[in-house]
Protein chains: 2
Amino acid sequence: MAGRKAAAPDPARSLALLWGSHAKPGRSGLTVRAIVDAAIELADAEGLEALSMRMVADRLKVGTMSLYTHVPGKGELADLMFDRAYGDLYADADEPSKQPGGWRGALEFIARRNWEILTAHPWIHEVPTMRTALGPNITRKYEAELRPLDGLGLTDVEMDSALALVLTHVQGTARAGAEQLRTQRDSGLTDEEWWRQISPTLTTVMSGTHFPVAGRVGTAVGEHFQSVIDPAHALTFGLTTILDGLAQLIESRSAVE
Amino acid sequence: MAGRKAAAPDPARSLALLWGSHAKPGRSGLTVRAIVDAAIELADAEGLEALSMRMVADRLKVGTMSLYTHVPGKGELADLMFDRAYGDLYADADEPSKQPGGWRGALEFIARRNWEILTAHPWIHEVPTMRTALGPNITRKYEAELRPLDGLGLTDVEMDSALALVLTHVQGTARAGAEQLRTQRDSGLTDEEWWRQISPTLTTVMSGTHFPVAGRVGTAVGEHFQSVIDPAHALTFGLTTILDGLAQLIESRSAVE
DNA sequence: AGAGTGTACCGTACATTGTACGGCTCAGGT
DNA sequence: ACCTGAGCCGTACAATGTACGGTACACTCT
């Protein structure tokens, strides 16, 4: 990162911003809300790294430093963006716990919804989430996602672990997908063209040593997906496997009960 | 990112560097090897983002631009660092497939080894891995990790998916742990102090709405781990669950056979 | 109505980044 | 002895986040 050291965001300040009511437009109509919205719009297109305070200010027709009246810095802005992105993840109508298919259906629903957010806003992967974990929307999300796991005989810690497992999987897979897309876009090459370009160099260079299993499997994967990875497939394969594993745990718990 | 646009690394150039033999010291003793080593040492301490070309050059007592004689840019340097970090992941003695406990033991071993690398070199999380997937060490790693899944009745694609699932889990969990550590270090606060600092603001602000399940579970987790997450626990919980799920798949396949 | 005050707004300045460009210096071949 | 090419590097530039200090407006109090 360039520029001044960007002194680590003050957690208390972030929290106040996150939960505060920022309904005071000021004399040029500038709002925290408007800033966050503009930033999200820009980040959706180019990523968090490429997003600059100047760009946000320009889009709002406002001096760069005016942003700092409403937001302490880029870090805190990212926190706000993060929380807002999860704003209306679950409308009342589609609460996970009201989904068909019991806990399993609910977790599948949760995974799909998170996947959607993550692919719509790939910059989320660049936000350090640890300190943000307590924004209003995130908390609401946590509550909604935990609910379908309640009353199955799991301990509280197990409930949290199970949910975290699913979410980590979704996030990791979505991240890989986002990276793939960004790499493609940056290089202007499709996955297939890229492969075709490096293939000769590779075979030349790999001729010395050889990798029987890796070669066979890698080729199979490449032919099957026309790419080195297929995020959508990875998502469902992993989710199925994880849910199968969780089913065993839940069964063992309810047997005891 | 600041500075000139850092034009997306040329894949072919990266590949050549990755597989080439760079044993020509030049007149000031500067080597690709030495550069990569220095960069890794610095990144281990401060992360990839904080690592600058100037820092690397200074540590090697060399002008900044001299680095560019050996390495096309920071992106490609990261690629090299990535591949090198996995350099001696598996010595001959401890090939995963020779581990006790069958495929399950092997996958546990693989998970643990990857975890070790990831916690020793947290900057790995910042490297865009998509284009690097084909360095010599990475390929060797892929081969070694695939082998224990061979001959179990899984299709080639399933073998790849199963491995990717485990690795994604390890990586996601390790990333969360790394973020936690970094946040702590940056703020100078331990997780507990941090909690104590924001707790009052939080309870004040959460009094309006309330979150029954989230509150209960969150509290339980906090008390159990003295933190909001415990990466080590998440790792083993997730791994167990995933392996249980994979066991079902493998059983169903060998039943047909 | 007039004076005073706080806050929104913003122009400028600075440190820091990656790297393009062009020059210098030396090893090795002829 | 001289040329050539490659290793080395000093300088310059565009871009970043944000500290600092100033300006102008909305409000309260007299």
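A note on names: the letters A, B, ... follow the listed sequences, proteins ahead of strands, and every chain is numbered from 1.
Looking at B:Asp160 and B:Tyr142, their side chains do bring a donor and an acceptor atom within 3.5 Å of each other.
Ring geometry for B:Tyr86 versus B:Phe82: interplanar angle over 60°, hence perpendicular rather than tilted (30 to 60°).
Minimum atom distance to the side chain of A:Lys74 is reached by D:dG17, of the listed D:dC8, C:dT19, D:dG17.
Here the side chains of A:Arg59 and A:Leu42 are in contact, with some heavy-atom distance below 4.5 Å.
The separation between A:Ile35 atom CD1 and C:dA8 atom P is 11 Å, rounded to whole Å. Between the OH atom of A:Tyr68 and the C1' atom of D:dA19 there is a distance of 10 Å, rounded to whole Å. Rounding to whole angstrom units, CD of residue B:Glu49 and P of C:dT16 are separated by 16 Å. Rounded to an integer number of Å, the gap from CD of A:Glu46 to C1' of D:dA15 is 15 Å. Residue A:Glu126 contributes atom CD, which lies 15 Å from atom C1' of D:dT16 at whole-angstrom precision.
A salt bridge between B:Glu145 and B:Lys141 is present, with a side-chain N of the basic residue lying under 4.0 Å from a carboxylate O of the acidic one.
Contact annotation: B:Ser66 side-chain N/O to D:dC9 OP1/OP2 distance is under 4.0 Å. Here A:His70 does not reach the OP1 or OP2 of C:dT7: none of its side-chain N or O atoms lies under 4.0 Å away.
Of the listed residues (A:Ile40, A:Val56, A:Asp44), just one forms a side-chain contact (heavy atoms from CB on, under 4.5 Å) with A:Leu51, and that residue is A:Val56. Put simply, the residue from A:Leu89, A:Val170, A:Leu167 that forms a side-chain contact (heavy atoms from CB on, under 4.5 Å) with A:Ile110 is A:Leu167.
Heavy atoms of B:Leu77 sit nowhere under 4.0 angstrom from any nucleic acid atom.
Remark: A:Ser52, A:Met53, A:Arg54, A:Thr64, A:Met65 in residues 52-65 of chain A come within less than 4.0 Å of DNA chain D through at least one heavy atom.
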